[in-house]
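A, B, ... follow the sequence lines: proteins, then strands. Residue 1 opens every chain.
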Amino acid sequence: MTQFRNACPRHCYGSCAMFSNVKGERLIRVIGDSKHGYTQGSLCAKGYSLIQYTLDDYRLRYPLKQLRRGSGEWRRISWDQAYDIISLKIIELNKTFGSNKAIGYYKGTGNIGLLHHAVEGMFAGLGSCTNLTGNICADTGIHVLEKTMGSFPHPDPEDMHKANLIVIWGGNPTSTNINLMRIIYKARKDKSVPLVVIDPVFTNTAKRADYYFQIEPHSDEWLALGIAKRLVEVKHIDEGFIKEHTCGYAEFARELDRLLIDEVLSHTGLSTEAFDCLCKLFLEHNAIACLTGFGMQRYRGAGKAVNAISALIALTGSYYTAGGGLYFYNKAYTDPAEFMIEYCKPHSTDGEGRFVNINTFPQEALGLQDPPLKMLWVSCANPLSQGFDLAAWYDLFSQLELVVCVDLYLTKTARQADIVLPAASFFEEEDLIVSFWHNWLTLNEKTLPSFYESKSDLQIARELSSYINRIKPGFSAFPSEMNALDWICKFFIPQMEDEYGFNSIDDLRKQSFKKIKEPLPDTWRYCFDSSLLSDLHSEISLSVCDYPYYLLTPQSLLKFHSQYETLTWLNPMQKKMPTAEISSHIASNQEIRNGDTIEVCSARGSMLSEACVNAKLPNNVVYVEQSDRFCVNNLFGGSFPSAESCPFFDCKVRIRKVSPYEQPEGFSC
Amino acid sequence: MNNPKAFLVDVSLCIGCRACEMACRNENLTPSHIHWRHVIEIEEGVFLSMACNHCENPECFRVCPERAFNKRHDGIVEINSSLCNGCRRCVTACPYHAPQYNASTNKVTRCNMCATRQDRGEIPACVEACPTGALSLILLNDSCNSDVVDTIQGFTDIRLTRPSIRFHQIKTPKRWMISDDEKQ
């Protein structure tokens, strides 16, 4: 038996470090690394199911070509045939349009390993093509906090237990960040620190809270500002902090004065007693740790809510306290993709290429002219299942001459591609995993031989780049001679060794490393944004219309968006239909019982589901899990402001009970 | 029996993450339809992670016509699969659904408290995996803590088999729901 060091590369809070035991080229066990400061040896349910993942029957084994897109007529081809088709198309498009701008890529966060930025590197190597910008998860919060908090200081989550109040706002760590619960419990055990959860959905985290406040969807900014108003009214604010470390307070307080608590109550749905209780918690504590989850950043204008919460935390003066502050997204590490792009791009580049935002990708890409987008490379992503505007995605695909999809599975997206290339799992490649949440970095060693003919993004980038250069010398500047260890040792380690305190790859083979963090500098300032309050009043309530209910589709426990769905340890496949949880209000109004078939319809689309009555949902909420098999995203769509993440939770739906007589054969979505 | 081993569950800490369930599979490689350990919600917001309780009076042991069960000195109940004839009497007799029948092998299997790990001095895989310390292993005669109780509301009657499982008392939190101003 041999043991290797690995790190989970999912776009998850944990970035768990683990060991893998291998016997006869098979993974026989994974074990959490107890020396990792954040995860301390615990893996999540998905992590402990990785044995199934490496050998999953549904995994792709060979490169495939689809005869007609969407037809399902697949032919196995060799890697050279695949490279040949792709190279010739790239060269042809370059010749037709005089640049590589007709060629674009959509690289998701299916694997956050640094070496997966080889995808961006490969396209940078072509010179001017259509590039990707933006952050799919965190844009809403990032853009707002850059205004109020500058390069915002992210506290170390391992210190969260030092706070004297912990607030989880629109997040569900029991499903998405289980190790944080250990830290929260430590605070509760050591110092009786209460856990407060604010969420429309009575999540498992809410079930474990000392105080749970259920609020209406989309009312987060009202609640944050309501509490802020109370703090200012009773003059229970940290005046020292406000004087020395903030700007714009006077105007912010003036604007707050115009806010009516009655409005706060009617928007949030909280009773006076509940609101008073919550205010009292904020009044009684001064080192408040507040996690703004991604759940409260999935509607149009949710930036205002993040903004308001950051202001509320500023009023309490928690930013300089031990454990206190706003926990959101650790942006500390300079974007490795940018480094890689800079390194790979040709010296004599013919212009900079152009950029498309990841959140508004299909709409923006459809609008591109001179030249229009003609070829798309999809990697680490499943946009035709997880995208926001699927109609726009299908429109975009129909104008493309070549779609290449690199994936482990025949996802909804892969099914619409011309060429599908089998991707390696993270056990079959070397990589470095840097967390977006805690401060640890872990080496991922190559543990298993390739699964059939699967390859890593880096290997594909190297081979395709040199293939193109064989046909047309000098076409790509991507350094295809560099293998994974070269990239890690010669490129990444020199950039990181000082920050993390290691010297060589041998150090990384022994343990994970934690970034040495500087405390928040004395010169840091928080800027109150009083325009927040003027915008607030212009909002119109959407409560009565043809689609009266909010459809919420947060991250579920046993899948990761559409990943891990085929693992039967986690998700037994007997289900014929997705489950839609409905409030008891909806159930009694429409005489729906558990197990009934219902149609969930939005203005964009509909899906059949099995009803499950959840008495703890707010009256106006329908709750459905994300999935690739039962894709719910065709109900979403519409425009939204740039610099925001997709407003998945803005979807309004109606529910129709389907009588057994009209049920169509099978299920289609 | 000297000082039998038992699982100690603090349902107030259990977050229902099911890491214990999958850690059990990772350790014992059980097929998908076999659940040696499973997490159930015994009432609203109360998760219970349960496997074989290695009872003091194991019904499986009593009803097995092949005498395939054995209770070790440390309290662990083991099954000798080579003796099992697949009659499934233990499956119906166990109040906790611990014995699991596998049709493809015509055998019953169940949690053995990671006996081989324990013999090596390690703790069971499920206990090691629990991120919050909701699941731990104790020696029954040592648990003199007044906070530890024999049963909690929603748990199957313990009088028949005297299961080797103990609980921490449940603490009730404050909740403010929109719909009915429910306060607990």
Most contact-rich option vs chain A, by heavy-atom pairs under 4.5 angstrom, among B:Pro31, B:Gly133, B:Ala19, is B:Ala19
Contact leader toward chain A among B:Ile15, B:Thr132, B:Val46, B:Thr30, where contacts are heavy-atom pairs under 4.5 Å = B:Ile15
Got more than 12 heavy atoms from elsewhere within 6.0 Å of CZ, B:Arg67?
-> no
Is it true that atom CZ of A:Arg188 has more than 12 heavy atoms of other residues, nucleotides or ligands lying nearer than 6.0 Å?
-> yes
Measure [X] against the heavy atoms of chain B and call it side chain, backbone, both or neither at under 4.5 Å.
X        : answer
A:Arg29  : both
A:Gln52  : side chain
A:Leu570 : both
A:Ser175 : neither
A:Ile178 : both

Under 3.5 Å, is there a donor-acceptor pair between the A:Trp437 and A:Ser15 side chains?
-> no
Region of [X] that comes under 4.5 Å of a non-hydrogen atom in chain A:
X        : result
B:Glu41  : side chain
B:Cys130 : backbone
B:Val11  : backbone
B:Cys24  : neither

In terms of heavy-atom pairs under 4.5 Å with chain B, the winner among A:Leu558, A:Leu567, A:Leu195 is A:Leu558
Answer key: most heavy-atom pairs under 4.5 Å with chain B among A:Ala45, A:Gly47, A:Gly32, A:Ser583 is A:Ala45
Please report the C-alpha distance between A:Trp169 and A:Asp220 in whole Å, then the side-chain angles of each, then the deciding distance to 0.1 Å, and finally whether the side-chain hydrogen bond (donor to acceptor under 3.5 Å, both in side chains) criterion is met.
-> CA-CA 8 Å; A:Trp169 200 315; A:Asp220 307 270; 2.9 Å; yes
Check the pair A:Thr268 / A:Ser219 against side-chain hydrogen bond (donor to acceptor under 3.5 Å, both in side chains), numbers first and verdict last.
-> CA-CA 5 Å; A:Thr268 58; A:Ser219 68; 5.4 Å; no
Salt-bridge present (B:Arg159, B:Asp157; N to O < 4.0 Å) | yes
Check: B:Phe155 ring centre within less than 6.0 Å of B:Tyr96 ring centre = yes
Would A:His438 and A:Tyr13 count as a close aromatic pair, with their ring centres under 6.0 Å?
-> no
Starting from the C-alpha separation in whole Å, work towards a yes-or-no answer on side-chain contact (heavy atoms from CB on, under 4.5 Å) for B:Lys5 and B:His54.
-> CA-CA 8 Å; B:Lys5 290 171 171 170; B:His54 302 274; over 6 Å; no
